[in-house]
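Data first, discussion second: the structure below is written as C-alpha cells.
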Number of protein chains: 2
Amino acid sequence: MPQRDPLREQIIAQYDAMSPQLQQAARYVLEHPDEVALVSMRELARHAAVQPATMTRLAKFLGKQGYDDIREHYVAALRRGNDGFAAKVRQRTEGATAAANDTIAAHMLHGLSAQISQLCEPDSLQRLEAIANTLKSARKVYVLGLRSCHSVAWHFHYVMSLLGDRSVHLEGPAGTGGDRLIRAMPDDVMLVVSVKPYAVATLELTQLAKDKGLTILSITDSEVSPLVGLSDQTIFCPTESDSFFHTLTPALAISEVLCTLLAEDDRPQALDALQRADEHFLSLNTYASAIPRRE
Amino acid sequence: MPQRDPLREQIIAQYDAMSPQLQQAARYVLEHPDEVALVSMRELARHAAVQPATMTRLAKFLGKQGYDDIREHYVAALRRGNDGFAAKVRQRTEGATAAANDTIAAHMLHGLSAQISQLCEPDSLQRLEAIANTLKSARKVYVLGLRSCHSVAWHFHYVMSLLGDRSVHLEGPAGTGGDRLIRAMPDDVMLVVSVKPYAVATLELTQLAKDKGLTILSITDSEVSPLVGLSDQTIFCPTESDSFFHTLTPALAISEVLCTLLAEDDRPQALDALQRADEHFLSLNTYASAIPRRE
DNA sequence: ACAAAAATGATTCACTTGTTGCAAACCTTG
DNA sequence: CAAGGTTTGCAACAAGTGAATCATTTTTGT
C-alpha cells in the first residue's frame with residue numbers, strides 16, 4: 001500500500017537539519033501519524049516528551065504556517081484511508097481527478113461514483129440479494145414512491161412491466177394512487193422508496209399495506225428512517241450531495257440492480273417477455289427504429 | 001464487514017425516543033462517524049445544522065457523561081480501523097478491483113460507478129457547463145422524456161419546480177403531454193431526454209419545438225442518436241449494462257448535476273425558493289418531519 | 001575562554017472548546 | 001384556551017487550545 005505522503009517525505013528529508021528537540025518531535029509525528037489527527041497539540045507534545053511550542057516550531061521549520069497545517073494533512077490522510085473509495089476513484093481517473101477537481105460538476109460526479117461503489121459492500125449486496133429473492137416469489141409487487149422518489153419507483157415499475165404483469169404502480173390522478181391496494185393480498189409484496197424528508201402519504205400507505213399483511217420491502221436512506229420499522233427488509237441508499245438537494249442516483253442504481261437480478265433469475269422467460277414487448281411496440285410504431293436486443 | 005459498534009446500535013435503538021433536534025444530531029453522527037473523531041463538537045454541530053448544545057444533550061440523552069465520551073468512542077473506533085490495515089486493505093481491494101468475479105449485483109454497481117466517473121472527462125464537463133448556461137437564461141424550460149426516460153425528465157422537472165416556475169413538464173394524461181408547447185416561444189428552451197430505442201413521439205415533439213424556434217438541449221446516448229441532429233447542444237450519457245436493460249443511472253446523474261449548476265448559479269435565490277417550498281410543504285403537512293437545510 | 005548564535009523553556013495572550021443556566025417557543029392535555 | 005411540561009435557542013462560563021514573546025540555557029567558533 002504505497003500511499004504517497006509528501007509531508008512525511010519532507011520531514012524525513014529535513015530531519016538531519018533539525019535541532020535535537022525538533023527531531024524528537026518530528027520522530028514522534030512520523031511514528032504516530034494518526035495521533036496527530038486525533039489528539040490536541042499539547043497532548044501530542046506530552047506524549048512525545050516535548051514542549052508544546054516545539055510542535056509549532058516544527059511546523060514553521062517545515063515551512064508551514066502553523067501546527068494546524070500539519071494536523072490537517074494527517075486528518076485528510078486519515079479520512080481518505082477510512083473512506084476507502086477515494087483510492088479507487090483516484091486510480092480510475094487519475095488525470096481527471098487532479099485536473100478537473102475544481103468544478104462543481106466534476107466534484108459531484110466523483111461523489112456519485114464513489115457512493116455507488118460503496119454499495120458494493122458485502123452488507124449491501126446481501127440485502128440486495130435478499131430483497132430480490134423476496135420479489136421473485138411475490139404474486140404482485142406494489143411499487144410506491146412519491147415526490148422525489150417517484151422517478152425511482154416509476155423506473156422500477158416500468159422495467160418490471162416489460163417483464164410481466166406482476167408490478168403495480170401505486171400512482172394515479174387525483175390522489176387515487178393508493179386505490180390499487182384494494183385487492184392486495186398477504187401473498188403480495190410492496191416495494192416502497194422514500195428518502196428524507198419522508199412524505200406522510202408514503203408512510204400511511206405503507207402502514208396500510210402492512211396492516212393488510214403484505215411483505216414490505218424498502219429502499220431508504222438511513223437506519224433510522226421511519227420506513228425501517230415498517231419494513232421486513234430494507235436496503236440503504238446514500239443520498240448526500242454537495243448541492244442543496246439530495247441525490248437519487250444511488251437509489252436508481254439499486255432499483256436497476258434489483259430489476260436485473262429479477263430478470264436474470266429466469267433468463268429464458270425474461271427474453272421471451274421482452275420479445276413480446278418488442279413486437280407490441282413494433283406494431284404500434286412506438287419507436288423510431290427496430291429495437292436491437294443483444295445476444 | 002459487520003463492525004460491531006455498540007454505541008451506534010444504542011443510538012439507533014433510542015432514536016425514536018429523541019426530540020427532532022436530537023434526531024438530527026444523532027443522524028448526522030450515524031452517517032459521519034469519522035467526523036466525530038476528527039472535528040470539534042462545534043464544527044460537527046455546524047455541519048449537522050444543529051446547535052452546539054444539542055450535541056452535549058445528545059450525549060446526556062445516551063447516558064454518557066458528556067460529549068467527549070462520544071468522541072472518544074469514535075476515536076477509538078477509528079484507531080482500531082486503521083491498525084487493522086492489512087485486513088482492511090485486503091477487503092477493500094476485494095470489493096474494488098476483484099469485484100468482477102463476484103455477484104451480478106457487485107459487477108453491475110461497479111460498472112455504474114465507472115460510467116459516472118467517466119462523465120468527469122473534460123468534454124463532458126464542458127458540455128454540462130454549456131447546457132447549464134443555456135438553461136440559466138431561458139424563459140421557460142420544457143422538459144421531455146418518454147417511456148424509460150420519464151424518470152429522468154420528471155426528476156429534473158421536480159427539482160426545478162422547487163426552484164421556480166420556469167420548468168414545464170411535457171407530460172399529461174390521455175396523450176396531452178405535448179399541449180404545453182402551445183404557448184412556447186423562441187426564447188424558450190427544451191430539454192429532451194431520450195436513449196435507444198428512441199420513442200417516435202419524442203422525436204416528433206422535439207421537431208415541433210425546433211420548428212417553433214426553441215433552443216433544443218438533449219441528454220442522449222450516442223453521437224449517432226437522432227436527437228443530435230435536432231439539438232443545439234447535447235450531452236452523452238453511457239447506458240450500457242450487463243443486463244438486458246439499458247441503465248439510466250448516468251442520465252439521472254447528469255440531470256442532477258444540471259440542477260445543481262443551475263441552483264448554484266444564484267445561490268441566494270435558490271435558498272429563498274427552497275425556503276418558500278419548505279413553508280408550503282410544512283403548511284400542507286406533506287412531510288413527516290421538518291426539512292433541515294444545511295447552512 | 002568567551003562572545004555570538006542557536007535552541008530551549010516558561011509565561012502569556014487571544015481564541016476556541018465543551019458545558020451550563022435561563023428564557024422564549026413549542027406542543028400537549030385537560 | 002390556558003396550564004403544564006418539554007424542547008429549543010441564546011448567552012455566558014471556565015477550561016483548554018495554538019501561537020507569540022522573552023528569558024535562560026546550550027552550543028559553537030575563534
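Numbers restart at 1 for each chain; the letters A, B, ... are given by sequence-line order, proteins then strands. In what follows, every heavy atom counts, from backbone to side chain, and hydrogens, waters and symmetry copies are set aside.
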Worksheet item: Rounding to a whole Å, what distance do you find between Asp68(B):CG and dA15(D):P?
Response: 15 Å
Practice prompt. Might you confirm whether atom CG of Asp211(A) has over 12 heavy atoms from other residues, nucleotides or ligands at distances under 6.0 Å?
Written response: yes
Practice prompt. Return the nearest nucleotide to the side chain of Tyr67(A); candidates are dT20(C), dG18(D), dA10(C).
Written response: dG18(D)
Practice prompt. Starting from P on dG18(C), measure out to CG on Leu44(B) and report it in whole angstrom.
Written response: 9 Å
Worksheet entry | N/O donor-acceptor pair, side chain Arg57(A) with base dG18(D), under 3.5 angstrom | no
Worksheet item: Between the side chains of Gln233(A) and Thr134(A), is a donor N or O closer than 3.5 angstrom to an acceptor N or O?
Response: yes
Discussion item. Taking the ring centre of each residue, are His150(A) and His157(A) less than 6.0 Å apart?
Written reply: no
Worksheet, complete the sentence: Separation of dT19(C) atom P from Gln65(B) atom CD, nearest Å, is 9 Å
Worksheet item: Do the side-chain N or O atoms of Lys60(A) get closer than 4.0 angstrom to the phosphate oxygens (OP1, OP2) of dA20(D)?
Response: yes
Response to the item:
Looking only at dG18(C), dA20(D), dT8(D), the nucleotide nearest the Ser19(B) side chain is dT8(D)
Worksheet entry | Gap between atoms CZ and C1', on Arg46(A) and dT17(D) respectively (whole Å) | 11 Å
Worksheet entry | Met18(B) or Arg42(B), whichever maps to the more 5' nucleotide of DNA chain D | Met18(B)
Fill in: CD/Gln65(B): more than 12 non-hydrogen atoms of other groups inside 6.0 Å
no
Discussion item. Tell me whether the side-chain N/O atoms of Thr56(A) come closer than 4.0 Å to OP1 or OP2 in dG18(D).
Written reply: no
Discussion item. Nearest to the side chain of Gln21(A), heavy atoms from C-beta on, is which of dG9(C), dC22(C), dA19(D)?
Written reply: dG9(C)
Practice prompt. Mind calculating the distance between CE (Met55(A)) and P (dG9(C)) to the nearest angstrom?
Written response: 12 Å
Fill in: Candidate nucleotides dT19(C), dT8(D), dT17(D), ranked by approach to the side chain of Pro20(B) - the nearest
dT8(D)
Item to complete: Report the nucleotide, chosen from dA19(D), dG18(C), dT7(D), that has the shortest atom-to-atom distance to any side-chain atom of Arg71(B).
Response: dG18(C)
Item to complete: For the pair Glu35(B) and Arg79(A), find out whether any cationic side-chain nitrogen is under 4.0 Å from an anionic carboxylate oxygen.
Response: yes
Discussion item. Looking at Ser40(B), I'd like to know whether one of its side-chain N or O atoms comes within less than 4.0 Å of OP1 or OP2 on dT16(C).
Written reply: no
Worksheet item: Tell me: CD of Gln23(A) to P of dA6(C), nearest whole Å?
Response: 17 Å
Worksheet entry | Gap between atoms CD and C1', on Gln51(A) and dA19(D) respectively (whole Å) | 14 Å
Discussion item. Whole angstroms only, please: what is the CE-P distance between Met41(B) and dT17(D)?
Written reply: 15 Å
